Protein chains: 2
Amino acid sequence: MADGQSRAERKEATRQRLLDVTLRLIANRSLDSISLREVARTAGIVPTAFYRHFESMDQLGVELVDDCMRSLRQMIRDARRGVASHGDIIEGTIEVLGRQVREHPDQFRFLVRERYGGVRQVRRAIDTELTLFTSELAVDLARLTAGFDWSSEDLEMTADLMVAAMLKAIIDLLELDPKPARRRPDEQAILNRGAKQLRLIALGMGEWRSKD
Amino acid sequence: MADGQSRAERKEATRQRLLDVTLRLIANRSLDSISLREVARTAGIVPTAFYRHFESMDQLGVELVDDCMRSLRQMIRDARRGVASHGDIIEGTIEVLGRQVREHPDQFRFLVRERYGGVRQVRRAIDTELTLFTSELAVDLARLTAGFDWSSEDLEMTADLMVAAMLKAIIDLLELDPKPARRRPDEQAILNRGAKQLRLIALGMGEWRSKD
DNA sequence: CGCTTCAGTGAACAGTCGTACACTGTTCAG
DNA sequence: CTGAACAGTGTACGACTGTTCACTGAAGCG
């Protein structure tokens with residue numbers, strides 16, 4: 001064999017290359033405007049070889065969601081651990097969020113773009129994961145509000161709002177100047193605002209009395 | 001002339017047909033996956049005639065933003081008037097929001113889709129309008145918090161969060177079953193949740209003390 | 001070692017795309 | 001009434017698309 005790689009490893013490498021290349025191409029366009037040929041060409045294989053890995057671009061899109069969601073889940077785990085070590089829940093969460101977006105911008109850009117984008121299956125896949133995330137956050141909130149008997153509906157409503165605030169922060173981070181030089185101050189401003197928003201919501205929770 | 005229309009009127013009618021058709025095609029796909037030919041075909045003209053109205057699909061997209069934004073601005077005006085008549089600011093705003101989305105789903109779908117979509121110029125145009133909207137809301141909030149000397153930064157942060165909550169409600173409304181039958185209860189649930197979220201934020205504002 | 005498996009190749013296909021160009025026939029101003 | 005303006009037509013082009021098929025040659029198994 002050419003390198004120190006088995007055939008299976010080489011195949012997996014090509015597969016990953018296809019996914020990576022698609023993620024990079026997505027940066028300036030939407031998924032359903034990217035052609036199979038373009039992906040194959042950029043990955044350095046012939047169009048027909050694409051079918052050895054995915055049966056269509058749509059299917060690649062769905063698998064790309066899974067891939068990216070692993071990042072997001074990692075973020076959530078980190079955030080939970082951050083709570084334990086950092087003390088302040090909000091500060092810790094926002095910090096983890098900032099780091100993850102900085103480290104995997106393409107993945108988050110893909111998720112944000114295709115969340116409302118063209119391909120139905122992809123949209124669904126992202127939506128499912130996001131709903132799951134909201135539910136988990138609602139469970140966390142339930143623990144924090146134990147004794148105040150919040151209805152599960154109110155918990156979900158609050159989690160939904162918090163997720164919306166975090167998503168807005170992610171989106172704003174992604175639209176910063178890609179050059180890392182002039183970027184830092186803005187990045188901190190966005191993260192600070194996000195933290196403030198979460199704190200504002202937390203304050204509201206303290207005064208909340210359900211009315212239904 | 002064939003109908004009771006001048007040439008200029010006929011031209012304007014075709015132009016509008018192109019815009020409308022594009023809006024309808026956008027429902028299931030993203031702007032940059034729609035071809036000029038498809039738009040022309042659906043509008044009932046030959047591809048080359050398209051150029052009599054727009055110099056490219058991208059330019060049509062930008063003008064479509066302007067068109068749709070007129071709806072959004074109308075919504076804002078209605079909401080402001082609703083405040084005066086309805087008494088409760090939040091209830092009135094959410095009600096107007098629900099009505100507008102129900103009446104112009106395609107326009108809102110376009111704005112939401114292309115807000116993070118492929119075409120840069122379109123994205124920019126939408127972003128500008130949305131930022132403007134947030135600023136106006138911040139001004140409204142300033143009036144409501146007069147005497148509590150909120151910093152303009154905090155006002156903007158709060159307005160940003162409220163806009164995020166409203167956008168989330170709009171998005172959820174758009175993803176409802178298109179069939180009007182089984183739709184009403186879900187629609188009310190989404191609007192109620194949105195109203196609760198705004199109320200939660202308002203409660204937070206009552207307790208807010210800036211820390212910088 | 002020989003045989004099979006299979007990731008990747010290359011040519012060919014029927015379509016669609018954006019755009020150029022010369023045109024037609026109605027509208028409208030002078 | 002005459003001529004220009006111009007919304008819309010029809011044809012043609014080269015480029016690109018997704019998918020087919022028969023193929024090659026190295027990897028991996030018995």
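Since the structure is predicted, the reported quantities are computational estimates derived from the model, not experimental observations. Lettering follows sequence order; numbering is per chain, from 1.
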Review point. Starting at CD of A:E38 and ending at C1' of D:dA15, how long is that distance when rounded to a whole Å?
Key: 14 Å

**Study point:** Base C:dT5 to side chain A:R7, donor-acceptor N/O within 3.5 Å cut-off
**Key:** yes

Exercise for review: May I ask you to list the residues of residues 43-61 of chain B, by number, that have any heavy atom positioned under 4.0 Å from an atom of DNA chain C?
Suggested key: B:P47, B:T48, B:Y51

Check your understanding: In whole Å, what is the span from the CZ atom of A:R10 to the C1' atom of D:dA27?
Key -> 10 Å

Review point. Touch check for A:R41, heavy atoms < 4.0 angstrom, all strands: base, sugar-phosphate only, or nothing?
Key: sugar-phosphate

Revision key, fill the gap. B:R52 meets the salt bridge (charged side-chain N to carboxylate O under 4.0 Å, His left out) criterion, sequence neighbours left out, with none

Practice item. Quick one: list whatever passes salt bridge (charged side-chain N to carboxylate O under 4.0 Å, His left out) with B:R15, sequence neighbours left out. Key: B:E12, B:E63

Point to revise | Atom-to-atom span, CZ of B:R17 to C1' of D:dA7 - whole angstrom | key: 11 Å

Point to revise | N-O pairing of A:D106 and A:R24 below 4.0 Å | key: no

Point to revise | Reference residue B:T14; test side-chain hydrogen bond (donor to acceptor under 3.5 Å, both in side chains); the match among B:R10, B:K11, B:R17 | key: B:R17

Point to revise | For B:T128, all residues meeting side-chain contact (heavy atoms from CB on, under 4.5 Å), sequence neighbours excluded | key: none

Exercise for review: Write out all pairs satisfying side-chain hydrogen bond (donor to acceptor under 3.5 Å, both in side chains) with one or both partners inside residues 117-127 of chain B, taking only residues at least two apart or from two chains.
Suggested key: B:R115-B:D127

Exercise for review: Could you check which residues of residues 22-35 of chain A get a heavy atom under 4.0 Å from DNA chain C? Sort them by number, please.
Suggested key: none

Exercise for review: Calculate the interatomic distance between B:K11 atom NZ and D:dC6 atom P; express it in whole Å.
Suggested key: 8 Å

**Study point:** Length of the line joining A:L36:CG and D:dG18:P, which is rounded to integer Å
**Key:** 5 Å

Practice item. Not counting sequence neighbours, which residues clear ring pair (Phe, Tyr, Trp, His ring centres under 6.0 Å) with B:F50? List them please. Key: B:F54

Check your understanding: Considering only heavy atoms and no angle criterion, is a donor-acceptor pair shorter than 3.5 Å present between the side chain of B:R37 and the base of C:dG18?
Key -> yes

Exercise for review: Could you pull out all residues at least two apart from A:D78 that satisfy side-chain contact (heavy atoms from CB on, under 4.5 Å)?
Suggested key: A:Q74, A:R81, A:V96, A:R99, A:Q100

Practice item. For A:A125, check side-chain contact (heavy atoms from CB on, under 4.5 Å) against everything at least two apart and list the hits. Key: A:V65

Practice item. Find the distance A:Q5:CD to C:dA7:P and express it as a whole number of Å. Key: 15 Å

Exercise for review: Examine D:dA7: is either OP1 or OP2 under 4.0 Å from a nitrogen or oxygen in the side chain of B:T14? Give yes or no.
Suggested key: no

